[in-house]
Colleague: 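There's a structure below that I have some questions on.
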Amino acid sequence: MAHRVGILGGDGIGPEVIAEGLKVIAAAGVELDTVNYDLGGARYLNDGTVLPDDVLEEWRDLDAIYLGAVGTPGVPPGVIERGLLLKMRFALDLYINQRPFVSPDHGVDMMVIRENTEGTYAGEGGFLRQGTAHEIATQGSVNTRMGVERCVRHAFELAATTERKHLTLVHKTNVLTFSGDLWQRTFDIVAAEFPQVETAYNHVDAACIYFVQSPEQYDVIVTDNLFGDILTDLGGAVSGGIGFAASANLNPDRTGPSMFEPVHGSAPDIAGTGVANPTAAIISGAMMLRHLGETDAADRITAAAHQLGSTQGGTVAVGDAIAAAVA
Ligand code: IPM
Ligand code: MN
């Protein structure tokens, strides 16, 4: 039976890269039963809609969600990010954000596991005396033992399956002595269940140096939400560019659909010009197929995307080249 997938092209280059992803999936012989959702910054500017509750309820019955990018100039910061993307991650309990970086040319072959429902993203905090000279703004970092443990355990389970079986915790335990301590203790406790996995720890600032200077030291990395956000943009930059950076927002317990999206944004500056690289969206599509059990198609698409993602000629040319290779 065809997999039922919600399609959220979104804004800017989002719909352009998702169209190529769908083309490649079809060429690989996988049938999807798609439902389109017109959501994002443009829709918000049009009629004020961000993410209605009934749409969210509808999504619970999908097998997966395939998302391009959301964000449009003119929308105040946070409206779409918090109201759509983060609401989706939190409500569907997509607690793992898995971001692979593979570039033999750059010596990179690593997977970043980013906690996706807590930390500074949780929305804890607020204003006091807003707009006055005595204004106070706080933005706390929420770290639950349950949330950290399920993320760390997922990372160990993944690391146990790789060739190197190596897992690095990235945090800032020397300064964030409360949240960092919880992460480190939880990591150490779970590590005892995985004696076959070799472990390491890096402070996040040092990890930025290693990402640039010696990325080959990494296999699997686990880190919190904000560190993971920043590190994965850097990961893209050091492994062939953000145009190759794919991601899976996973609900590993499969109590609902998982969501697949490129790491990059809507790039309004190049929208409509046909130059956006669809490779990140195409690899994200392959991650979706893997999650749906379509392992063979996922393998073929991933291999072709790595090989042909730098094809000249623009968005459609790259999509066509990869589609032809997997057909
Ligand atoms: C990402 C993005 C999002 C994030 C934004 C758009 C809310 O940067 O997926 O990395 O910060 O998680
Ligand atoms: Mn980001």
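Both ligands and their constituent atoms are indexed starting at 1 by order of listing. Treat the numbers as computed from the prediction; the structure is a model and nothing was measured. Counting from 1, the numbers follow the sequence of the chain as shown.
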Colleague: Under 4.0 Å between a side-chain nitrogen and a carboxylate oxygen: does that hold for D63 and R4?
Modeller: no

Colleague: Under 3.5 Å between some N or O of ligand 1 and some N or O of R114?
Modeller: yes

Colleague: D229: which N/O/S atom is nearest the Mn ion (ligand 2)?
Modeller: OD1

Colleague: For atom 10 (O) of ligand 1, which candidate among D229, D233, N249 provides the closest heavy atom?
Modeller: D229

Colleague: Taking 4.0 angstrom as the limit, do R114 and D229 come out as a salt bridge?
Modeller: yes

Colleague: Which of the listed options, E261, H264, E81, R99, holds the heavy atom that is closest to atom 1 (C) of ligand 1?
Modeller: R99

Colleague: If you measure only the distance, is there a donor-acceptor pair under 3.5 Å linking the side chains of Q184 and T186?
Modeller: no

Colleague: Examine the side chains of T279 and N277 and answer whether a donor and an acceptor come within less than 3.5 Å of each other.
Modeller: yes

Colleague: For atom 11 (O) of ligand 1, what is the closest protein heavy atom, and at what distance to 0.1 Å?
Modeller: Y121 OH, 2.6 Å

Colleague: Hey, would you say the H171 and F187 ring centroids sit under 6.0 Å apart?
Modeller: no

Colleague: For E118 and T144, which I'm curious about, is there any donor-acceptor pair between the side chains at under 3.5 Å?
Modeller: yes

Colleague: Of all the atoms in ligand 1, which lie at a distance below 4.0 Å from a heavy atom belonging to R89?
Modeller: 1 (C), 4 (C), 9 (O), 12 (O)

Colleague: Which residue and non-hydrogen atom of the protein lie closest to atom 5 (C) of ligand 1, and at what distance in Å?
Modeller: L85 CD2, 4.1 Å

